[in-house]
Amino acid sequence: MIESDHWDHGCPQNVTTIKTAHLQVNGGALMLKVKIHEDEILTSFLSRSARANGVERMRSFCIDLGVNLPKIKLGDRNEVTRLAETLGTSPDRLMHAAVERDGTRIRVGHEWFDNSRLSRMHLRFCPDCVAADLVKNPFSSPYYRSYWLLPQVTTCVEHRKQIVEAAQPQRLETNSQDFCAIIDQLRRQAPALLDPSADCQPTYFEVYVAKRLAGEMSGHPEADVLPLETVIVMSEIVGAAIAHPDVSKRALSPEHMVAVRELGFAAIKDGRQGFLESLDKIASLAPPGSCSPHGLYGTLYTALDRSRSQGSYDVFRSVMVEHAAISGRVAPGTSIFGTRSTSATSRVRSVANDAGVAIGRVKRVLRAKGLTAPAGAAGLLDPSVAAAAREHFHDVWSFKNAREFLGCNLRTFNSLLSADIIARPPESFPQGFVSRKAVVDLAARLGNSRTVDDNPQLVDIHAARTRAESSVAEIVRYILDRRLSAVAVKGDLPILAALRVSTGEVRQAHLPDGHVTADAARDLLRLNTTGFADLLKSGLIKTTSLEYPRENWHAVPLAEIKRFRAAYISLQECAEELNLNKNAMASLAKRAGLSRAFPSNVVGQQIFVRTSAGHIITTPQ
């Protein structure tokens, strides 16, 4: 309660109270010998009640009353109603004093705010108010005014003193809203904080905020129908744009923001005419050719759009539309503020969302192109600027979207970029983004590379990668270069998950031209595994070394196979030529007196000189 005869700037007296209650608790009498003031916080009332009954902490007092303090702090309606029944007063009047929470929204008095709008790091109070409360009567204790919660109010509207900020005292974390206990501790630990503060005349804006929290109207109907949070935001936006057109609002000091809010509030409190004059002044300060100085139209519309307050919403919105058309900042006949009017401009946020990039990236690209980049996510871009931004980012696709489209993980996707299978994005692209066209073109090329239908002999490229000691990028490159004759596409899976290839063909594709794998060479020479390994070990068959990760592979030149076959023939090949089994062929070679070309301790397989076996088989052409 503000107990002076009047508020400065024409504010009336505010004396709504709740009667004293006498309670019986656990056989003893508790007397709530205090009044709850219209602008008081409910926890402050309970704190004073505890002190009036000789209880040091509000928490202990609430336990005696059977009141759930955490629920009271959250503004739980059922718990507040139960407390009202105990006090014998109206639940609605008590609920008005509660700080009610709904998600990130908090109601203080008659107004709802986002949690970020309220002071959470410090305890704010007026030392003169505290001093006055302490000397009233033996049962009086200081109470916490609701407007102290708002950091936008820096002056006590009753005493014309600066509001001070104190850190929450230690060891009171679980009871931080016990205002009386906090004041007692501050009086002992930091008495200087309770000394009279500097004289400071409250601004019209600060008086207006205090009155609105108490549920009073100010005589400014256009502003009064807006939520108080919207009035605060609009005052800061307009004031900053007029007073500091070249400085971000966030860079302004708290002292500067007091003047900024007063300047902006003066523009909107008188409704249409004052608002229009402010927009004219802002437009004159804006750089030539900008479609919306500092994103003003968009940021103001965003603040209004949250409230959707009919009447005042339409008044301010129509002024913006009218001013945009008159000033030429936005082309007439275009669509600007949703479905309620028309403008072809776009918000920076909309362009960024369409492109799938950060808002800051859009602004940096615009500045690099020599175009105006309005401040704030809601700043508006005229049609040509928005079109330039969209054109630049039209081909931008995030790695995440590209990977989902192709059906691969990030490691595989990066390998495709490193191998230039997908063209690397230009430097103007943000990190983690790639050309959409490049990804789609790759998928189309792979899909068009199908040569056969799927069959059990083919495996997906991830299995082929393991069996052929390969990478997905290598296999994709072989497919694109038509080095694999058997490529299938299975179903409607993402393209990299749908591809099926032959492991043998992948292994062969790793080798230089004119070479075959060891398995293929052994088959061509009709050698068993042991004999072929001995020939390689002894250097009787020359191979070509490969690089990591296939340095242990044996790439056999076709010329080496042709040379060896011209000079030698294996027992197995002789048997195949004569259509005999190996045992029968071994007996025939023994009877014919064929001797081994290589000692058994060098090559563990029977290999003959081809010319010596000519009388048994026909020399191949």
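The first residue in the sequence is number 1, and the count goes up from there. Being a predicted model, the structure only gives us computed values, none of them experimental.
Residues V602 and S538 come closest through the heavy atom pair CG1-OG, 3.5 Å. Closest heavy-atom contact between A240 and V260: N-CG1, 3.2 Å. Nearest heavy-atom pair across G604 and T530 is O-CG2, 4.5 Å. What you find for S570 and L525 is that their closest heavy atoms are OG-O, 3.5 Å.
Partners of K437 by salt bridge (Lys or Arg N to Asp or Glu O under 4.0 Å), not counting sequence neighbours, listed by chain and number: D441. Looking at residues two or more places apart in sequence or on another chain, you find a salt bridge (Lys or Arg N to Asp or Glu O under 4.0 Å) between R563 and E560. When the salt bridge (Lys or Arg N to Asp or Glu O under 4.0 Å) test is applied to K400, the partners found at least two apart in sequence or on another chain are E404.
The salt bridge (charged side-chain N to carboxylate O under 4.0 Å, His left out) analysis of residues 543-555, with sequence neighbours excluded, yields the pairs E474-R550. Sorted by first and then second residue, the ring-ring contact (aromatic ring centres under 6.0 Å, His included) pairs involving residues 474-508 (not counting sequence neighbours) are Y478-H510. Applying the salt bridge (charged side-chain N to carboxylate O under 4.0 Å, His left out) test to every pair with at least one member in residues 446-459, sequence neighbours left out, gives these pairs: R450-D453.
Residues L410 and R403 form a side-chain contact, since some pair of their non-hydrogen atoms from C-beta on lies under 4.5 Å apart. Considering only heavy atoms from C-beta on, R522 comes within 4.5 Å of T529 through its side chain. Two residues are said to be in side-chain contact when any heavy atoms from C-beta on lie closer than 4.5 Å; L252 and H244 meet this criterion. Between K582 and Q606 the shortest side-chain heavy-atom distance does not fall below 4.5 Å. Looking at F532 and I541, their side chains come closer than 4.5 Å, going by heavy atoms from C-beta outward. For the pair V452 and V487, the minimum side-chain heavy-atom distance is 4.5 Å or more. Between R467 and V459, some side-chain heavy-atom pair lies under the 4.5 Å cut-off. Side-chain contact between L546 and N552 is absent, with no heavy-atom pair separated by less than 4.5 Å.
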For this session: Apply ring pair (Phe, Tyr, Trp, His ring centres under 6.0 Å) to F413 and F399, showing your working.
Result: CA-CA 8 Å; F413 186 78; F399 280 10; 4.9 Å; yes

